[in-house]
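First up is the structure itself, then whatever we jot down about it.
These values consider heavy atoms only, across backbone and side chains, with no hydrogens, waters or symmetry-generated copies. Throughout, a chain's letter reflects where its sequence line sits, starting with A, and its residues are numbered from 1.
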Amino acid sequence: MPELPEVENARRVLLRAELPGRSITRANVGWAPTVKQPSLEDFVLGLPSKQILSINRRGKYILLPLDSDETFIIHLGMTGGVSVQPASREVEPMVRHTFHLDDGRVLWFRDPRKFGHLWLTADPYSALPSLGPEPLSDGLTVNYLSEKFRDRNAPVKALLLEQSVVAGLGNLYVDESLFHAGVNPTRHAGSLTTSELVKLKDCIVNSLTNAIAIYDRAREEHWPDPPSALHTWTIPRKAGEPCPRCGAPIATMRVRARGTFFCPSCQPPEA
DNA sequence: AGTACGTCCTGATCGC
DNA sequence: TGCGATCAGGACGTAC
């Protein structure tokens, strides 16, 4: 479930691999529906010989501006992951797409469930849906959340999952933020008090910041991959486990068809 | 407009 | 032990 911290980690992996400055020489698309724009043919013909200038991130999207003034956009979906590999290496089974680089290496896009998406566009911000503020770099304010939540009856969790409200949050970090803020996921968004909004905003920022720091450490120290030690969240994602704050058994429910974990004692249903 | 839910996918896990 | 059923959930489309 790549969310903001995982996508940011992917961005840093590509930076460390010195992707900027390289050009793509060949694009192999193994699952056509992944390409959202332009047509598959134009996408595959359009990428080669263009140099990658930098690697940016907006919400859960990785944006690679090219020297053609176009942008190569990658969305990891639910199971996507990128890595840069030697061309000599045999491509692993779940790698759906490969992008050969002018230095002999290959950018792998691994995507078991094929939920990832790719774009090549001269106008990235109209190709992408409208996105809310970046919680870490734009500065998430209580006033903004208050305005977005005003008169809204939907569960606060549902609104936090909307990328147009806050960019980059997903199921995991929403649960994590609500847990630390002591807010029940089913609370009507409009019913949150100002002090709850203050707490929620801080907990969103802290959850994401902490997770990114853990990924940074994991890369620096070459933690094994995939690691159970690489838990970036603190609330157990298993019913009955003790709440890390009060020890009460963690409960589970479905909110908008999403598996939701919360502490019934720290996050009471009503304010 | 706001809210809710089905759909796409397939590896992992669950339960009989 | 094995095998079919269920689960996972980001973003979009559709429906009320």
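Among the atoms of the strands shown, only primed sugar atoms or phosphate atoms (P, OP1, OP2) are found under 4.0 Å from some heavy atom of A:N153. When heavy atoms are screened at a 4.0 angstrom cut-off, A:A154 is found touching the sugar-phosphate backbone but no base atom. The residue A:P93 sits apart from the nucleic acid: no heavy atom pair falls under 4.0 Å.
Comparing the P positions of B:dC9 and C:dT14 gives an interatomic distance of 15 Å, to the nearest angstrom. Remark: the separation of the C1' atoms in C:dC12 and B:dG11 is 23 Å, to the nearest Å. For the P atom pair drawn from B:dC5 and C:dC7, the interatomic distance equals 16 Å after rounding to whole Å.
Rounded to an integer number of Å, the gap from A:L131 CG to C:dG10 P is 15 Å. Rounded to whole angstrom, the span from the NZ atom of A:K238 across to the C1' atom of C:dC7 amounts to 16 Å. Protein atom CE of A:M94 is 21 Å distant from nucleotide atom P of C:dA8, rounded to whole Å. Taking atom NZ on A:K157 and atom P on B:dA4, their separation rounds to 14 Å, with Å as the unit. A straight line from CZ of A:R256 to C1' of B:dT3 spans 6 Å, rounded to a whole angstrom. Following rounding to the nearest Å, A:R152 (CZ) and B:dA4 (C1') show an atom-to-atom distance of 12 Å. For A:K148 and B:dT3, the NZ to C1' distance is 15 Å, given to the nearest whole Å. Across the protein-nucleic acid pair, A:F261 atom CZ and C:dA8 atom P stand 7 Å apart, rounded to whole Å.
Look at A:K114 and you won't find any side-chain N or O under 4.0 angstrom from OP1 or OP2 of B:dC8. Regarding contacts with the backbone of B:dA4, every side-chain N or O of A:R254 stays at 4.0 angstrom or more from both OP1 and OP2.
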Problem - Derivation of the side chain to side chain contact (heavy atoms under 4.5 Å, CB included) call for A:I73 and A:H117 - result: CA-CA 8 Å; A:I73 306 175; A:H117 294 307; over 6 Å; no

Practice task
Kindly determine whether A:T71 and A:L64 satisfy side chain to side chain contact (heavy atoms under 4.5 Å, CB included), including the steps that lead there.
Solution key: CA-CA 5 Å; A:T71 302; A:L64 299 93; 5.5 Å; no

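Within a 6.0 Å radius of CD in A:E90, no more than 12 heavy atoms belonging to other residues, nucleotides or ligands are found. Remark: A:E221 CD is packed, more than 12 non-hydrogen atoms of other residues, nucleotides or ligands lying under 6.0 Å away. The local environment of CD in A:E18 is sparse, with at most 12 non-hydrogen atoms from other residues, nucleotides or ligands closer than 6.0 Å.
Counting only Watson-Crick and G-U wobble pairs whose two distances sit under 3.5 Å, DNA chain C takes part in these stems of three or more pairs: B:2-8 with C:10-16, B:10-16 with C:2-8.
Annotation: cation-pi pair A:R245/A:F179 present, NZ/CZ under 6.0 Å from the ring centroid and within 45° of its normal. Under the 6.0 Å distance and 45° angle rule, A:K36 does not count as a cation-pi partner of A:W119.
Using modelled atom types, one side-chain atom of A:Q163 and one backbone atom of A:L169 make a donor-acceptor pair closer than 3.5 Å.
Mapping A:P112 and A:P155 onto DNA chain B by nearest heavy atom places A:P155 at the nucleotide closer to the 5' end.
With A:S177 as reference, A:I204 is the one residue of A:V166, A:V183, A:I204, A:D202 to meet the side chain to side chain contact (heavy atoms under 4.5 Å, CB included) rule.
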Practice task
Indicate for each nucleotide in nucleotides 11-16 of chain C, in 5' to 3' sequence, whether protein heavy atoms under 4.0 Å reach the base (B), only the sugar-phosphate (S), or nothing (-).
Solution key: BS----

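Remark: the A:N206 side chain and the A:T209 side chain contain no N/O donor-acceptor pair separated by less than 3.5 Å.
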